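The structure under discussion appears below in the form of structure tokens.
First the proteins, then the strands, lettered A, B, ... as listed; each starts at 1. What you see is a predicted model, and the numbers here were worked out from it, not measured in a lab. Side-chain atoms are counted along with the backbone in the values below, which use heavy atoms only and exclude waters and symmetry mates.
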Amino acid sequence: MRPVLRFFLALLLIAGLAPLETMGEGQWPTPPAEGKPPPQISGPLSGGTGDHTKYEALKQPFATGPDVTKACLSCHTETGKHFMKNIHWTWEYRNPDTGQLLGKKHLINNFCTNARGNEGMCAQCHAGYGWKDESFDFSDETNIDCLVCHDTTGTYYKTPNSKGSPACSVMFEGKPPMDFTLIAQSVGLPERANCGACHFNGGGGDNVKHGDLSSALKNPPRELDVHMDAKGLNFACTACHVTKSHVWAGSRYRVAATDDKGTGKPGQRRDVATCESCHGTAPHKVDSLASFKRNDHISSIACQTCHIPEFARGGVATITNWDWRTAGKTRNGEGYHEHGYTQGNGEHRYTYKSIKGDFTYGENLVPLYRWFNGQMHYTTIDTKFDITKPVAINDFTGSREDGDSRIWPFKKMTTWMPADLGNGTLVYTHLWGEDSDSYWGNYDMGKAIAHGMKEFGLPYSGEHGFVETFSYWPITHMVAPKEDALSCEDCHSKQGRLDGVAGIYIPGRDNNRWLDLIGIIAVVGTLVFILGHALIRIVAPNRGKH
Amino acid sequence: MAIRRVRIFSLFERFWHWSQMLLIMTLMFSGFGLHGFHHLLDFKQAVDLHTLAAFLLLLLWAFSIFWLFTTRNWRHFIPTVKGMWQVLRFYSFGIFQGEHHPYRKAYWRKHNPLQALAYLMLKIVLFPLIWISGLVYLFYFLWRDIPHATQVLDGVALVHTGAAFTIVVFVMIHVYMLTTGHSFKEHVMPMINGFDEVDLTPEEEAYLLKDQPEVLG
Ligand code: HEM
């Protein structure tokens with residue numbers, strides 16, 4: 001009952017405190033820190049007890065990345081075993097609730113379609129060395145790439161694990177050699193740029209996939225993200241994605257849509273990256289009726305819904321529509337691309353690429369809002385579906401009634417993508433390779449699909465075409481400062497943000513049409529009756545008397 | 001029987017009436033604002049105002065109930081059919097003929113039977129309906145996990161809004177009634193200065209003269 005008591009107190013304070021509240025808001029934004037920005041905050045691990053420039057094992061020339069890894073493992077003896085359990089290494093995840101086998105190794109998405117069979121290219125973002133085909137040894141610790149996450153010099157880079165078509169491989173030539181010794185001696189906790197090297201570029205480019213993960217977060221201002229604000233809190237990704245033995249909290253394959261445990265006991269929670277795990281389950285200071293109500297709303301509404309009013313902010317666009325049907329056009333026998341979109345930070349983006357088709361970009365986008373219980377159902381390579389209707393690559397479940405759902409913001413992605421029309425399935429497309437079947441270089445979709453399916457022994461009818469697909473990406477980054485959060489009115493109004501959310505009566509949005517009709521008739525009727533009554537009194541005889 | 005100017009509304013009653021009026025107007029304005037009928041307030045302002053006014057009104061009601069029962073004034077609201085017919089007949093017929101209102105205020109009966117019944121209904125039906133549904137509505141998040149909570153919420157909003165419409169109708173008729181009979185001003189003045197013409201029995205008159213002379217004007 002305590003919140004109720006506090007509510008009554010708050011109520012008494014509403015009137016009195018209102019001016020104070022606005023004064024407090026005047027203190028924002030946080031004044032900029034002076035001089036060199038402090039190191040990023042990496043959660044409980046920050047600090048460290050060793051200096052890597054002093055370790056003998058690192059005072060040697062290294063020819064390759066795996067040589068550095070061997071040196072790392074010579075001191076961090078258990079890390080290899082820990083690391084091999086995490087998804088950055090396995091690229092595989094079995095959802096315990098649905099039993100579906102997920103992970104980048106298996107899934108098809110509606111961006112660059114499938115990594116499977118294209119590892120030569122796509123496994124640049126595998127935290128390992130040399131995965132180009134099925135022969136990759138997942139049990140060899142020296143294949144782990146420590147540097148991609150722990151480099152702090154910004155000079156470490158990766159190139160595709162196989163050459164690919166000659167037309168493509170030229171793109172990766174002529175990069176400066178790396179000074180592995182310097183890089184190895186400079187290792188530190190991962191910064192936003194480390195994680196971002198892959199996670200900001202999902203879907204094949206800056207912010208293409210998620211919409212809330214872009215290069216703008218490397219050095220964001222407060223308006224873009226209060227937590228990562230380079231001059232303020234300066235959180236690294238791991239400040240929230242807390243780590244235990246190289247396993248990170250916060251999974252997109254198993255979202256914690258509701259968190260009623262909150263902060264837990266001090267130092268206890270390392271299993272989730274929810275807002276509540278730091279902010280608790282009553283995060284708004286109860287100094288007004290509105291704050292009391294906001295705290296209430298936590299059981300129905302994800303924090304992200306109000307606190308991330310738009311995604312793809314900060315000047316970097318995201319792709320919202322992709323059309324593979326137009327891919328494969330060439331000029332003089334060669335692939336080409338077209339600029340067609342200039343994003344907020346002034347950079348140009350391709351709106352057409354022969355290797356991928358047409359794209360539509362968007363910035364500062366209002367999310368889609370839906371009940372979400374954290375559970376996604378994927379259309380995997382073996383899922384049969386009705387090709388005449390749009391298919392959801394990852395459909396989510398949730399409703400007001402299930403007890404686990406809250407209203408979440410999503411980016412909705414729409415793509416026309418290759419499929420097996422005969423069997424009604426998605427396909428593995430062979431995009432990257434040195435052979436004459438790879439789409440990137442040869443532009444023959446039929447051959448590329450036949451190759452991709454055959455390589456993994458999958459049935460293919462031979463009849464390829466395109467299907468319309470959707471995918472849904474929960475929005476959780478780019479948390480805006482509190483003064484930019486949504487106001488009550490944004491949802492509590494007709495045609496408001498929650499217009500499409502079913503299963504709940506929202507005051508201000510909903511009304512009982514019959515009641516309103518009857519009510520209005522009653523009021524107007526009364527008025528008419530009164531006017532009539534008055535009129536008769538006026539025109540009736542003897543009106544002078546009374 | 002003598003008609004005398006008597007203070008029929010105590011200071012508390014007048015305070016009660018006018019602050020209740022202000023609060024109900026505020027509640028109507030903010031309530032129908034957050035319902036979406038007008039946009040003179042944004043939703044947050046409307047809810048703040050509505051909730052604050054609602055709590056003040058509940059406080060006022062708590063005091064008034066205490067007052068009614070400690071002063072025995074509740075007896076004014078006991079329903080009766082005596083004289084009801086005449087009053088009904090007056091409003092639907094006699095009033096157009098220039099007849100006098102058939103009811104004379106008595107010291108222990110300051111409302112006519114129709115009024116008494118209407119106010120009683122307001123007090124025991126409409127007001128409880130609106131404040132109980134309002135409180136249940138306000139604390140939705142305390143019971144949101146009971147089975148069928150969303151349907152219950154639908155119903156609560158329905159009852160609350162329905163009661164609100166009914167109160168609007170009541171207020172309209174109530175205000176219109178003030179224009180009947182005597183002049184508007186004569187109807188309103190008693191609620192401002194407390195005094196009205198009342199038919200006193202000789203016993204009442206004698207008693208008041210002796211024990212409460214300040215009540216007689
Ligand atoms: C003690 C009395 C009252 C309480 C506790 C109360 C409480 C509430 C609450 C909690 C809401 C919902 C606001 C929200 O969305 O947060 C509401 C809505 C509303 N109230 Fe009241 N209220 C009271 C009296 C009144 C009165 C006297 C009127 C009008 C004569 C009124 C008219 C309305 C209307 C029209 C709505 C909108 C309903 C809807 O859209 O669903 N209320 N009230």
Side-chain angles (χ1 to χ4, degrees), chain A residues 1 3-4 7-8 11-12 14-15 18 288-290 292-293 295-300 400-401 403 487-494 496 503-512 514-516 518-523 525-527 529-531 533-534 536-537 539-546, chain B residues 32-37 39 42-52 55 91-92 94-101 137-142 144-145 147-162 164-166 168-173 175-177 179-183:
Chain A
M1 280 322 262
V4 181
F7 166 76
F8 283 102
L11 200 78
L12 291 173
I14 303 176
S288 68
L289 172 68
F292 172 82
K293 273 286 171 193
N295 278 346
D296 275 352
H297 276 61
I298 282 164
S299 43
S300 294
R400 165 66 180 80
E401 305 302 330
S487 66
C488 311
E489 185 98 344
D490 286 308
C491 301
H492 288 276
S493 57
K494 318 244 180 254
I504 182 70
Y505 182 92
I506 302 178
R509 181 194 76 163
D510 296 321
N511 57 333
N512 185 308
W514 285 109
L515 178 69
D516 276 11
I518 295 169
I520 291 168
I521 290 174
V523 170
T526 307
L527 196 68
F529 173 79
I530 287 174
L531 291 176
H533 197 271
I536 301 174
R537 277 169 59 204
V539 300
N542 309 318
R543 69 190 175 102
K545 289 188 198 157
H546 289 284
Chain B
F32 283 106
L34 67 89
H35 189 62
F37 279 0
H39 296 279
D42 70 29
F43 190 84
K44 178 176 175 296
Q45 291 167 328
V47 171
D48 277 349
L49 191 62
H50 198 76
T51 317
L52 186 66
F55 277 97
Y91 283 118
S92 47
I95 188 170
F96 307 127
Q97 311 294 321
E99 287 176 14
H100 284 273
H101 199 292
Y137 204 157
L138 182 66
F139 291 106
Y140 164 69
F141 285 94
L142 290 182
R144 78 179 283 285
D145 291 323
H148 309 295
T150 48
Q151 286 93 316
V152 176
L153 180 62
D154 275 343
V156 168
L158 188 84
V159 168
H160 194 75
T161 318
F165 274 119
T166 316
V168 173
V169 168
F170 176 89
V171 167
M172 290 168 73
I173 296 177
V175 173
Y176 175 66
M177 289 299 212
T179 70
T180 66
H182 314 268
S183 73

Can you tell if the side chain of [X] reaches within under 4.5 Å of the side chain of [Y], non-hydrogen atoms only?
X       : Y       : answer
H533(A) : F96(B)  : yes
R144(B) : R400(A) : yes
D154(B) : D510(A) : no
R537(A) : I95(B)  : yes

Does the Y505(A) side chain pair with the main chain of V156(B), one donor and one acceptor, at a distance under 3.5 Å? no
Contacting region of S300(A) [heavy-atom separation from chain B under 4.5 Å]: both
Using non-hydrogen atoms and a 4.5 Å limit, figure out which bit of S487(A) sits close to chain B: side chain, backbone, both or neither.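 Contact with chain B involves no heavy atom of S487(A) at all.
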Describe, in one word, how the ring planes of F141(B) and H297(A) are oriented to each other, choosing from parallel (under 30°), tilted (30 to 60°) and perpendicular (over 60°).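 Tilted: the ring planes of F141(B) and H297(A) meet at 30° to 60°.
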With rounding to the nearest 0.5 Å, note down the distance linking [atom1] in [X] to [atom2] in [Y].
X       : Y       : atom1 : atom2 : answer
D48(B)  : C488(A) : CG    : SG    : 8.0 Å
F43(B)  : I506(A) : CZ    : CD1   : 9.5 Å
N512(A) : L158(B) : CG    : CG    : 5.0 Å

Least distance between heavy atoms, [X] atom then [Y] atom:
X       : Y       : answer
F165(B) : I520(A) : CE2-N, 4.0 Å
L138(B) : K293(A) : O-NZ, 2.9 Å
V523(A) : M172(B) : O-CE, 3.5 Å
H35(B)  : K494(A) : O-NZ, 4.2 Å

Taking every heavy-atom pair that is under 4.5 Å apart, which of [options] has the most such pairs with chain B?
options                   : value
G508(A), G403(A), S493(A) : G508(A)
P507(A), G503(A), G525(A) : P507(A)
D516(A), I518(A), I298(A) : D516(A)
T526(A), L515(A), N511(A) : L515(A)

Interchain contact, V47(B) with chain A, by part (heavy-atom threshold 4.5 Å): both
Closest-packed option against chain A by number of heavy-atom pairs under 4.5 Å, given L34(B), V169(B), T166(B): V169(B)
